[in-house]
Protein chains: 2
Amino acid sequence: MLPARVTIHDVARAAGVSVATVSKVANGRYGVAQNTIAKVSAVIDELGYETSLVARSLRSHRTNVIGILVAGFEPFSTELLKGISAAAVGSGYELLAYAGALTDEARVGWERRSLSRLAGTLVDAAIIVTPTVQVAGAPVPIVAIDPHTGLGDVPAVDTDNAEGARIATRYLISLGHRRIAHVRGRGDLQSALLREQGYRESLAEAGIAFDPDLVREGAYWGKPTTRAAQELLSLPDRPTAIFAANDLSAVRVLDVAREMGIRVPEELSIVGFDNVPESATSTPQLTTVAQPLHDMGAQALQMVVQMLRRGELEQQYVHLPAHLVVRQSTAPAPSPAAIADAQSRAASQAV
Amino acid sequence: MLPARVTIHDVARAAGVSVATVSKVANGRYGVAQNTIAKVSAVIDELGYETSLVARSLRSHRTNVIGILVAGFEPFSTELLKGISAAAVGSGYELLAYAGALTDEARVGWERRSLSRLAGTLVDAAIIVTPTVQVAGAPVPIVAIDPHTGLGDVPAVDTDNAEGARIATRYLISLGHRRIAHVRGRGDLQSALLREQGYRESLAEAGIAFDPDLVREGAYWGKPTTRAAQELLSLPDRPTAIFAANDLSAVRVLDVAREMGIRVPEELSIVGFDNVPESATSTPQLTTVAQPLHDMGAQALQMVVQMLRRGELEQQYVHLPAHLVVRQSTAPAPSPAAIADAQSRAASQAV
DNA sequence: CTGTTAGCGCATTCAC
DNA sequence: GTGAATGCGCTAACAG
C-alpha cells in the first residue's frame with residue numbers, strides 16, 4: 001500500500017501546534033518562539049515533510065520555478081535544456097520542463113494549452129521552445145526560443161537561419177557542386193522558409209540557376225524526408241549535394257543514400273542544420289550548420305530571470321549567429337566523368 | 001502589464017452558468033444539456049480557458065502526468081528523457097521533468113525533496129533518475145533508473161555495470177595493453193564500485209597484477225578527473241590505456257592528454273562509459289561502453305504505466321546489457337621501444 | 001439538468 | 001507568539 005503524503009496537518013498534530021505555526025517555521029517567517037521553532041523543525045525533519053508545490057503555488061502564486069514548455073523531449077529541445085539548466089545553477093530558480101504534445105489531441109496548440117495549465121499557478125515564468133503559434137497574453141513573463149511564427153510581441157531568442165543556410169550552400173558551391181538540392185523543413189514554419197531563402201540566395205550569388213525540381217519538402221522529420229530523398233536521388237540528373245533543413249532529415253538522407261548504394265561523401269555531399277550531438281554519431285559524421293543551442297538556452301533563461309527581477313527586459317530579441325561545422329559528409333564534387341560512370345553503373349545494375 | 005489568468009469563474013460568469021457546470025463541460029462529464037454544452041464550449045474557446053493543472057490536481061489527485069525527477073539536465077539524464085518521451089507518445093500520459101538539484105541547498109537529498117513536492121498532487125507517478133539515497137515510502141508509484149544505492153525496495157532499471165567494465169577492460173587487454181589505469185566514479189555510488197570491480201576482474205582474468213597506483217578517483221566529473229588524469233599521466237611508468245568511469249571523465253582525460261602532448265590513440269588508449277551522444281563529438285571520437293539509455297527510459301516508463309494501470313508490476317527489476325562501441329580513442333598498445341622513446345622525448349622537452 | 005456546498009494543502013490575514 | 005478563519009481554482013457529492 002502506498003503511504004499517504006505527510007501534510008502540514010500531520011506536522012502540526014505531531015508537534016502540538018497549529019498549521020499556521022508550522023507554515024511560519026517552514027517558510028522562516030517572523031513571530032515564532034525559539035522553542036517552538038526547534039520543536040517544529042525537529043518534527044519536520046523526522047516526518048520528512050516538504051511543502052507541496054501545488055498547494056503553495058495555488059495560495060501564494062509564487063513558486064520559484066521556471067517552466068520550460070516543449071512539445072516532447074528530442075535532440076533539439078534537450079540541447080536547449082542543457083543550456084538552460086547550466087545557466088539556472090545558482091540562480092535561485094528550479095526548472096520544470098513540461099512535454100505537452102505527447103498525446104494525439106494535444107499535437108496542435110500545445111503551447112497555449114501548456115501555458116494555461118501551468119502559468120499563473122505552477123511556474124513563475126516560462127520559456128517556450130519552438131512555438132508554432134502566437135502566444136501572447138500570458139499571465140507570466142515568457143520568452144520564446146526559435147519561434148516558428150516569426151517575431152511576435154513576445155521576447156525571443158533565435159539563430160540567424162538565413163545566414164546559416166547561406167553558409168552551408170556557399171560551402172557546397174566552393175566544393176565545386178552545382179546541382180545542389182534542398183530538403184526543406186515544414187512549410188508553415190518560419191525557420192524552414194528562411195533556410196530555403198538562404199539556400200536560394202547563395203545559389204543566385206554564384207550564378208547558379210534555381211531548379212524547383214531540386215527542392216522537396218521533408219518537414220523536418222523522418223517519413224516525408226525519406227520520400228523526398230528517394231525522389232531526389234532517383235532524378236535522371238541526380239544532385240551531387242543535398243542541403244537538408246535539419247540534422248534529423250540529413251541523417252535520413254544519409255540512410256537513403258546508403259540504401260541506394262550511393263557513397264557519401266564521394267558521390268554525394270550532405271549538409272545538415274542544428275548540430276545536435278547526434279549529428280556526430282552518424283557514419284560518416286555529418287557536416288552541419290551549428291546553432292548555438294546551449295547559448296540560446298542560457299540566454300532565454302537570463303532574459304526570463306531579468307523579467308522576473310526587474311519587470312523589464314533590456315533587449316526584446318536576441319539573434320545568435322550560426323556557423324559551419326565541417327565533418328565527413330561533404331567532399332569536392334565528383335567530376336562529370338565520374339558522375340556519368342556512376343550513373344551508367346547504376347543503370348546496368350538496375351537492369 | 002500581464003493579463004490575469006482566465007479561471008473557471010471567468011468562464012462561468014461569461015456563460016451565465018455556475019462553475020460546476022463549466023467544470024462538467026470542460027471535463028466531458030454527463031448531465032449537461034446540449035445547449036448548455038455548446039454555449040459553455042463557445043465561451044471556453046473564446047476565452048482560451050484551460051483548467052489549471054495545479055488546482056485540478058489539488059482537488060482530484062489525478063493529473064495524467066508522470067513526473068521525471070532529475071538533478072539537472074545534462075547528457076545522461078536527457079538521453080533517458082528522450083527514451084521516456086518516445087515511449088510516452090500515445091500512452092495518454094504527459095511528462096513533467098523536474099530539476100531539483102540546481103540550487104546549492106538542494107544538492108543533497110533532492111530526490112526526496114522533489115518527490116515530496118510533486119508526488120501525491122502534481123504527478124500520478126514518478127521516475128527518479130540516478131537517486132543517491134533510498135527513496136521508499138512514496139505516495140505514488142515510483143521507478144528508479146540507475147539507482148546509486150543499489151537495489152532497494154523500489155522497482156528499478158539499470159545496466160550491467162560490472163559486465164560493461166569487464167568488456168571495456170578486456171578489450172584494452174586484447175589490444176595488448178598491460179598498464180591499464182582506471183579513473184573511477186564517485187566512491188559512494190554503487191555504479192562506480194561495480195565498474196571498478198569489473199575492471200579488476202578482467203585484469204585478474206588476464207593475470208595482470210592490480211596496481212593501486214593506477215586507480216584514481218575522478219568522481220564522474222571534470223574537476224577531480226582532471227587531477228586524476230594529470231597524476232596518472234605524470235607517472236614514471238605511465239599507463240598506455242585508461243578506462244574512465246564515464247564519458248564525461250573520459251573526455252576530460254582526452255583533454256589532459258592533449259595538453260600534455262600525449263597522442264591518442266597512438267600513445268594512449270581511452271575508453272569511456274555511457275555512450276552519450278557527446279562521446280562521438282570529441283576528437284578523436286571516444287570508444288566507450290554503451291548503456292542503452294533510450295531503452296532504459298522506455299522501460300521505466302512502461303513499468304510506471306503498468307503500476308498505474310494494474311497496480312502491480314510483473315518484474316520489479318530490469319537489468320539491461322551493456323556493449324562496447326569501438327571508435328577512435330583506442331589502438332594497439334605501443335611497443336616498449338616506442339614508450340621508452342616517447343618518455344625520453346618528453347623528458348628532454350621538460351628540461 | 002443545474003446550482004450549492006464542501007473541501008484538496010497550504011499561506012495569509014486577523015484576532016486572541 | 002499563537003491559532004482560527006479565509007481563500008487560491010477546481011471537482012465531487014449532493015440538493016434543488
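Bear in mind that the values here come from a model prediction, so they are computed numbers and not experimental data.
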Below 4.0 angstrom, which residues in residues 30-43 of chain A have at least one non-hydrogen atom near DNA chain D? A:G31, A:V32, A:A33, A:T36
Bend across the helix from C:dC1-D:dG16 to C:dC16-D:dG1, to 10°, with axes taken over 5 pairs at each end? 50°
Can you find a side-chain donor-acceptor pair between [X] and [Y] that sits under 3.5 Å?
| X | Y | value |
| --- | --- | --- |
| B:T159 | B:Q291 | yes |
| A:E74 | B:S85 | no |
| B:D124 | B:Y93 | no |
| A:H148 | A:S191 | yes |

Within the 4.5 Å heavy-atom criterion, are A:Q302 and A:Q306 side-chain neighbours or not? no
Heavy atoms, side chains only, cut-off 4.5 Å: are A:L69 and A:V129 in contact? no
Whole angstroms only, please: what is the [atom1]-[atom2] distance between [X] and [N]?
| X | N | atom1 | atom2 | answer |
| --- | --- | --- | --- | --- |
| A:H61 | C:dC10 | NE2 | P | 16 Å |
| A:R13 | C:dG9 | CZ | C1' | 13 Å |
| A:Y49 | C:dG9 | OH | P | 11 Å |
| A:K24 | C:dC10 | NZ | C1' | 14 Å |
| A:L122 | C:dC10 | CG | P | 15 Å |
| B:L58 | C:dC8 | CG | P | 9 Å |
| A:N27 | C:dT12 | CG | C1' | 11 Å |
| A:I8 | C:dC8 | CD1 | P | 14 Å |

Pick base, sugar-phosphate or nothing for A:V54, based on heavy-atom distances below 4.0 Å to the nucleic acid. nothing
So what does B:S23 hit on the nucleic acid, given a heavy-atom distance under 4.0 Å: a base, only sugar-phosphate, or nothing? base
Quick one: how far along DNA chain D does chain A reach, first to last nucleotide 5' to 3', anything under 4.0 Å to a heavy atom? D:dG1 to D:dG9
Residue-phosphate contact under 4.0 Å: A:R29 side-chain N/O, C:dA11 OP1/OP2: no
Below 4.0 Å: OP1/OP2 of C:dA11 and any side-chain N or O of A:R56: yes
Determine yes or no for a side-chain-to-main-chain donor-acceptor pair under 3.5 angstrom, with B:T103 supplying the side chain and A:E94 the backbone. no
Is a side-chain N or O of B:T78 found less than 3.5 angstrom from the main chain of B:P75, in a donor-acceptor match? yes
More than 12 heavy atoms from other groups under 6.0 Å of CZ on B:R112: no
